[in-house]
Amino acid sequence: MDGCILIIDFGSQYTQLIARRIRELKVYSEVYPFNKINKKLLSKIKPAGIILSGGPKSVLDKNSPFLSRIILDLNKPILGLCYGLQLLSKFFGGTVRKSLNREYGYSRIKIIAHSKILPNQWKKKNAINVWMSHGDHVEKIPKDFVVIAYSNNKIISFIENREKKIYGLQFHPEVQHTQNGKELLKKFIFSICKVRTNWILEDFISTKIKELKKLIGSKNVICGLSGGIDSSVTAYLLHKAIGKKLFCVFVDHGLMRSGEVNEVTNYFKSKFGRNFIHVEAKNFFLKKLKGISDPEKKRKIIGKNFIKIFEKEAKNISKAKYLAQGTLYPDIIESISFFGGPSAKIKSHHNVGGLPKKMGLTIVEPLRELFKDEVRLLGKKLKLNTQLINRHPFPGPGLAIRIPGAINNNKIKLLQQIDKIYVNFLKEKKLYQKIWQAFAILLPIKSVGVMGDERTFNYCCALRAVTSIDGMTADFYMFTKSEFTEISNRIINNVKGINRVLYDFTSKPPGTIEWE
Ligand code: XMP
């Protein structure tokens, strides 16, 4: 593709975010791990510019991911982010040190010199909010580089070599919390790399449909359909590609939100008719999860048993060879490393890290490079029901990962009641669409309360509401005092067994959105 941006992955949680920011700018990009870069690949991709991602390692450590000289020999513009900046500094003879003050989350930087990639909006500002996530920092910049900005902790935050068009940032412009970060990337791509727009979502649909048709041929596909946006869009896309060769299996694991099983069954039965299969497996999952309190174990048990059910169903469908899943990029990046790169594992998303090693079906994941908001857009283009498109994300392992500790039927029922009240409240107050995801967590703690002059000793629940674009980073949502009061009262007055409501004021990072 003409004018491709090559993103080299050094293991950052944000690598694919860089790719999608570039896609938002309608430019094609490809991501490769640092250790897969070779001359043959570079001559195939012919990048117009290169972005070096961040990463969890330290450039000061032995055997840490390295920067290959062949990248610099291309003489193309380079933008190094965080670890990428440190690699560039080390490579060109600067010094990198471990920081006493680690910077995670928001930081402020001050611009002291001009750069062609500075967003116009920054020019008149004294200090700019950026998103940092680093332990090391550049202490001395290499020869022929200049400092463009320092952070309020006096950390070198932005350097460049004007002649060579090499730029390094200690912060993450790809993260939505960096003010005008996308504008900075835009300047790098269009003004420095001189790339023209060459990527649109419609291209994704038509390319995927062609790919799926070719891959599947005369075989049949089973699609794990939960009714969430990801699996629904996967099913719609597959349906467009292969029509009646698609069989959607909806597994009721008993861990869905209140009323969801009926909603999903009614909607999809009318779309897929006899190719929609409803499997009732509530007791089966309850039994498998009995006494299990470790979050990773729960996730793996659910993942493994989902597959067992799909395999069993596949036996009833002739020529069923593939299992389609609505896996998205954030599911992958937090479970394993995309393209086999070096990123750290955060949790096993049920449909990725939870899969058994040996499986009778071949996995198909047409959305695995996309983010949630891109999938929503895709859903609109594929004409999915808007209510379904706008529903808050819901994890595959369902309420099991919102009940810390071992689960049981009573706890599930309690949580379903709380969740319903919470979500209805948000819809009624027109807050639902302002919030990216909201849900309740049933805590394994009982506390003393007083209701109607009587002592109570009941469970606590926590409420979570976050704003986000893609689930990779998130901010907690701030309700007003009267909203907090009303939600809390409604829950305590209507759910027998709950006498205390807590609120989760944690962003991601350092928290994750779900609790387990
Ligand atoms: P975390 O908790 O990793 O969640 O910050 C990011 C987004 O992913 C959803 N999530 C999952 N979705 N299977 C899924 O389909 C999973 O195992 C899973 N775990 C988390 C989560 O609800 C949030 O939207």
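Bear in mind the structure is a predicted one, so any value in this text is a computation, not a measurement.
- Taking both residues in full, the closest heavy atoms of Ile401 and Pro397 are given as CG2-CB, 3.9 Å, listed atom of the first, atom of the second, then distance.
- No cation-pi contact links Arg464 to Phe476, judged by a cut-off of 6.0 Å to the six-membered ring centre and 45° from its axis.
- Taking a 6.0 Å sphere around NZ of Lys143, one finds it holds 12 or fewer heavy atoms contributed by other residues, nucleotides or ligands.
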Candidate pair Ile200 and Lys26, rule side-chain contact (heavy atoms from CB on, under 4.5 Å), full reasoning
CA-CA 6 Å; Ile200 50 168; Lys26 301 192 172 17; 4.1 Å; yes
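- Listed here is the closest heavy atom pair of Ala324 and Val221: CB-CG1, 3.8 Å.
- Asp136 and Lys98 are joined by a salt bridge, as a carboxylate oxygen and a charged side-chain nitrogen come within less than 4.0 angstrom of each other.
- Under the 3.5 Å distance criterion, the side-chain polar atoms of Gln437 are matched with a main-chain donor or acceptor of Pro393.
- At distances below 3.5 Å, at least one donor-acceptor pair connects side-chain atoms of Gln179 with backbone N or O atoms of Asn129.
- Side-chain atoms of Asn38 come within 3.5 Å of backbone N or O of Leu41 as a donor-acceptor pair.
- Counting heavy atoms from C-beta on, the side chains of Val147 and Ile112 come closer than 4.5 Å.
- Under 3.5 Å, the side chains of Asn153 and Ser151 contain no donor-acceptor pair of N or O atoms.
- Judged as a side-chain contact (heavy atoms from CB on, under 4.5 Å), and not counting sequence neighbours, the contacts of Ala241 are Ile209, Leu212, Lys213.
- Within the model, atoms OG1 of Thr512 and CE of Met472 stand 12.5 Å from one another, a figure rounded to the nearest 0.5 Å.
- Aromatic ring orientation, Tyr503 versus Phe505: perpendicular (interplanar angle above 60°, classes split at 30° and 60°).
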Criterion side-chain contact (heavy atoms from CB on, under 4.5 Å) on Tyr32 and Ile8, from CA distance to verdict:
CA-CA 5 Å; Tyr32 286 92; Ile8 303 183; 5.9 Å; no
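- Atoms CG and CD1, on Leu79 and Ile189 in that order, are 8.5 Å from each other to the nearest 0.5 Å.
- Taking the six-membered ring where the residue is Trp, His392 and Tyr432 present parallel rings, their angle staying beneath 30° rather than reaching 60°.
- Salt-bridge check for Arg20 with Asp373: passed, with a basic side-chain N closer than 4.0 Å to an acidic carboxylate O.
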Report the C-alpha distance between Ile5 and Cys193 in whole Å, list the side-chain angles of each, state the deciding distance to 0.1 Å, and finish with yes or no for side-chain contact (heavy atoms from CB on, under 4.5 Å).
CA-CA 9 Å; Ile5 297 291; Cys193 304; 4.1 Å; yes
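- Of the possible donor and acceptor atoms, one in the side chain of Ser468 sits under 3.5 Å from a partner among the backbone N and O of Thr473.
- One finds the CH2 atom of Trp122 at 11.0 Å from the CD1 atom of Ile148 (value rounded to the nearest 0.5 Å).
- Thr15 and Asp9 share a side-chain donor-acceptor pair at under 3.5 Å.
- For the pair Lys182 (side chain) and Val175 (backbone), a donor-acceptor distance under 3.5 Å is absent.
- Salt-bridge check for Glu211 with Lys214: failed, with every basic side-chain N at 4.0 Å or more from each acidic carboxylate O.
- Around the NZ atom of Lys164, the shell of radius 6.0 Å holds no more than 12 heavy atoms that belong to other residues, nucleotides or ligands.
- Side-chain N or O atoms of Ser206 include one that pairs as donor or acceptor with a backbone N or O of Glu202 at under 3.5 Å.
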Apply salt bridge (Lys or Arg N to Asp or Glu O under 4.0 Å) to the pair Asp230 and Lys372, showing each step before the final yes or no.
CA-CA 8 Å; Asp230 312 342; Lys372 185 73 85 185; 2.9 Å; yes
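- By the 4.5 Å heavy-atom criterion applied to side chains, Cys82 and Gln170 are counted as neighbours.
- Interatomic distance, Arg162 CZ to Asp144 CG, rounded to the nearest 0.5 Å: 12.0 Å.
- For the 3.5 Å distance criterion, the side chains of Asn120 and Lys187 qualify, holding a donor opposite an acceptor.
- Between the side chain of Asp203 and the main chain of Trp199, no donor-acceptor pair closer than 3.5 Å is present.
- Within 6.0 Å of CD in Glu163 there are 12 or fewer heavy atoms belonging to other residues, nucleotides or ligands.
- Looking at Lys381 and Leu201, their side chains come closer than 4.5 Å, going by heavy atoms from C-beta outward.
- Using modelled atom types, one side-chain atom of Ser231 and one backbone atom of Ser226 make a donor-acceptor pair closer than 3.5 Å.
- In this structure, the side chains of Phe204 and Leu370 come closer than 4.5 Å at one or more pairs of heavy atoms.
- The two residues Thr178 and Trp131 have their closest heavy-atom pair at OG1-N, 2.8 Å.
- Residue Ile302 holds its CD1 atom at 5.5 Å from CG of Leu255, rounded to the nearest 0.5 Å.
- Counting heavy atoms of neighbouring residues, nucleotides and ligands inside a 6.0 Å radius, atom NZ of Lys125 exceeds 12 of them.
- Without hydrogens or angle criteria, Ser12 side chain to Tyr14 main chain gives a donor-acceptor distance under 3.5 Å.
- In this structure, a donor-acceptor pair under 3.5 Å is present between the side chains of Thr327 and Glu365.
- Ring geometry for Tyr83 against Phe10 counts as tilted: the plane angle lies between 30° and 60°, on a 0 to 90° scale.
- Between the Ser64 side chain and the Lys62 main chain, no donor and acceptor come within less than 3.5 Å of each other.
- Phe171 places a side-chain heavy atom less than 4.5 Å from the side chain of Ile109.
- Side-chain contact annotation: Ser89 with Gln86, donor-acceptor N/O pair under 3.5 Å absent.
- Among residues two or more places apart in sequence or in another chain, the side-chain contact (heavy atoms from CB on, under 4.5 Å) test is passed with Lys434 by Leu431, Tyr477.
- A salt bridge links Arg23 with Glu374: the closest approach of a Lys/Arg side-chain nitrogen to an acidic carboxylate oxygen falls below 4.0 angstrom.
- Annotation: side chain of Ile166 is in contact with side chain of Phe145 (closest heavy-atom distance under 4.5 Å).
- Screening residues 386-397 for salt bridge (charged side-chain N to carboxylate O under 4.0 Å, His left out) gives Glu260-Arg391, Glu263-Arg391 as the qualifying pairs, with residues at least two apart or on separate chains.
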Val195 and Leu25: CA distance, side-chain angles, deciding distance, side-chain contact (heavy atoms from CB on, under 4.5 Å) verdict
CA-CA 11 Å; Val195 168; Leu25 296 169; over 6 Å; no
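- Residues Cys4 and Glu30 share a closest heavy-atom pair of SG-N, 4.0 Å.
- Annotation for Ile18 and Leu81: closest pair CD1-CD1, 3.7 Å, computed over non-hydrogen atoms.
- The minimum heavy-atom distance linking Ile192 with Lys116 is given by the pair CD1-CB, 3.8 Å.
- In this structure the side chain of Phe158 reaches within 4.5 angstrom of the side chain of Ile117, judged on heavy atoms.
- More than 12 heavy atoms of other shown residues, nucleotides or ligands fall within 6.0 angstrom of atom CZ in Phe91.
- Taken to the nearest 0.5 Å, the OG1 atom of Thr362 stands 9.0 Å off from the CG atom of Leu323.
- With contacts defined as side-chain heavy-atom distances shorter than 4.5 Å, the pair Phe439/Arg402 qualifies.
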